[in-house]
Amino acid sequence: MLHLVSVKRKSFLDYVDLMSPDLAEEVHALALRLRGARLLHLNSTWYGGGVAELLLSLVALEKDLGLDVEWRNIGGDEGFFTITKGLHNGLQGKPYDLTADAQAIYLAANRSAAAQIGDGYDAVLVHDPQPAAVAHFARSGATRWIWRCHIDTSVPDPGVWGFLKLYIDEYDAAVFTMPQFVPPGLSVRRVVFIPPAIDPLAAKNRPLPDDLVAETVSEFGVDGGRPLLLQVSRFDPWKDLNGTIGAYHLVKQTIPGLQLALVGSMAGDDPEAWEIYRRIVEDDHADDDLFVFTNLVGVGSLEVNCFQRAADVVIQKSIREGFGLAVTEALWKQTPVVAGATGGIPLQMHDRVGGFLVTTTEQCADRILYLLQHPAEAATIAAAGMEHVRAQFLMPRLLRDELRLLADVLERAPAPPGERGKDTA
Ligand code: UDP
């Protein structure tokens with residue numbers, strides 16, 4: 001049931017040009033401190049969505065640095081993942097009626113995962129709410145537990161948070177992308193802030209020849225001679241795909257040749273996605289300039305890379321967003337972005353650095369039109385966005401931050417089970 005995920009090999013040495021010598025040296029020193037420690041990343045899916053994207057690179061680099069690290073997925077059926085999506089949505093503020101039955105199903109899956117983990121690890125990084133209660137059931141005196149939260153938990157549904165808080169408070173540390181995300185009343189032993197990052201050498205982000213980019217998007221039916229808007233995101237209510245489509249329709253009134261591609265992966269832990277996907281495809285089937293692609297029709301990392309490079313403007317019209325790796329990826333490719341001013345997105349870009357932040361569909365349309373009509377300025381704005389990502393949101397920095405935390409947590413005494421949640425140092 002605890003599926004072991006294998007990752008491609010990566011070499012940390014390949015990244016030297018993307019970091020300062022100090023950062024490289026610190027990563028090597030931290031890796032030495034962590035040698036011999038048994039580490040586990042535990043999450044709920046190996047594909048689709050930002051967490052899987054991050055772990056594919058992080059785990060590979062940690063292995064290359066000589067760490068004894070594994071990545072495993074908590075298994076579950078559709079019933080379990082429907083509940084965990086409810087918890088996910090609840091943590092992001094959507095009311096969710098967490099029934100006693102749902103609690104029991106969630107806890108049973110977590111208890112069963114905990115039994116399989118045993119006490120063989122020195123530190124376990126648990127990602128997001130799906131496996132959050134595993135630490136409670138697996139509790140052994142020696143293992144250190146870190147909860148890595150990737151979503152915006154600033155205003156959670158009180159019922160959902162009241163339930164999960166009991167389990168989160170028991171951890172040795174909790175990691176959030178930014179201070180605003182700390183949920184009310186959290187009393188975990190230690191709180192740390194680490195924003196995510198992208199891997200510039202992954203197939204998703206590496207440089208590509210222009211002709212490959214042009215050929216690839218044209219194979220999917222996109223006309224390279226006409227402007228293209230793009231949103232890359234899961235089919236999720238927080239990604240406001242309706243807002244994106246609405247903005248496209250508004251801009252199309254002025255630029256009739258405009259095209260929109262929606263590229264959305266079906267994540268293994270996201271049963272809600274199919275319904276949203278079906279609705280979009282049914283509503284918009286008459287528009288030949290609106291494309292909807294998924295990982296199930298061959299849009300993998302390389303194709304996403306091509307689309308992000310081919311697009312004139314990338315949209316990320318989210319209304320809640322943990323970080324938004326799809327924004328970082330577009331910025332890194334010097335494609336201007338119009339994005340919702342929410343969650344982690346303003347960490348990555350602000351007006352005229354990378355693109356524009358918006359709240360309404362009308363604003364979104366207005367800023368897209370501006371960028372399309374001022375291509376020289378759009379290029380300058382996009383170049384500034386890329387530099388911002390280079391300075392703050394590349395994988396070596398994230399690796400350093402995580403290794404620092406792990407080394408530190410491992411060198412402290414673990415929170416004793418009965419006392420967890422009481423030491424707020
Ligand atoms: N993604 C992808 N294919 C798709 C849709 C999304 O590869 O069809 C990737 C996207 O490139 C990004 C991640 O999934 O790396 C989404 O991460 P983000 O932080 O933007 O959102 P999340 O899904 O974690 O809410």
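Start at 1 and go down the list; that is how both ligands and their atoms are numbered. From a predicted model like this one, the values you see are computed outputs, not experimental measurements.
The closest approach between any non-hydrogen atom of Val299 and ligand 1 is not below 4.0 Å. In this structure, Gln316 falls outside the shell of residues with a heavy atom less than 4.0 angstrom from ligand 1. Not a single heavy atom of Thr294 sits closer than 4.0 Å to an atom of ligand 1. Heavy-atom distances between Ser301 and ligand 1 stay at or above 4.0 Å for every pair.
Of all protein heavy atoms, the one lying nearest to atom 24 (O) of ligand 1 is Gly50 N, 2.8 Å. Counting only heavy atoms of the protein, atom 1 (N) of ligand 1 lies nearest to Val232 CG1, 3.9 Å. Looking at atom 21 (O) of ligand 1, its nearest protein heavy atom turns out to be Lys239 NZ, 3.1 Å. The nearest heavy-atom contact from the protein to atom 5 (C) of ligand 1 is Ser265 N, 3.2 Å. For atom 23 (O) of ligand 1, the closest non-hydrogen atom on the protein side is Arg234 NE, 2.7 Å. The nearest protein atom to atom 18 (P) of ligand 1, hydrogens excluded, is given as Leu325 N, 3.4 Å; this is a heavy-atom distance. The shortest contact between atom 10 (C) of ligand 1 and any protein heavy atom is with Glu329 OE1, 3.6 Å. Remark: minimum distance from atom 2 (C) of ligand 1 to any protein heavy atom is reached at Lys204 NZ, 3.9 Å.
Centroid-to-centroid, the aromatic rings of Phe220 and Phe291 stay 6.0 Å apart or farther.
Ring planes of Tyr277 and Trp274: perpendicular class, angle over 60° (limits at 30 and 60°). Between His127 and His150, the angle of the ring planes stays under 30°, which puts this pair in the parallel group of the 30/60° scheme. Using cut-offs of 30° and 60° on the angle between ring planes, the pair His388 and Phe393 is perpendicular. Ring geometry for Phe163 versus Tyr106: interplanar angle over 60°, hence perpendicular rather than tilted (30 to 60°).
Using a 4.0 Å cut-off between charged side-chain N and carboxylate O, Asp64 and Arg9 make no salt bridge.
Remark: side-chain polar atoms of Asp152 are not paired, donor with acceptor, to backbone N or O of Glu321 under 3.5 angstrom. No donor-acceptor pair closer than 3.5 Å links the side chain of Thr216 to the backbone N or O of Glu303.
Of the heavy atoms in His150, none comes closer than 4.0 Å to ligand 1. Contacts of Val263 with ligand 1, taken as heavy-atom pairs under 4.0 Å, involve both backbone and side chain.
Here's the thing with Ala326: one of its N/O atoms is less than 3.5 angstrom from an N/O atom of ligand 1.
Side-chain contact, Thr99 with Asp101: no donor N or O sits under 3.5 Å from an acceptor N or O. There is a side-chain donor-acceptor pair under 3.5 Å between Gln348 and Thr328.
Those atoms of ligand 1 with a heavy atom of Gly324 less than 4.0 angstrom away are 19 (O), 20 (O).
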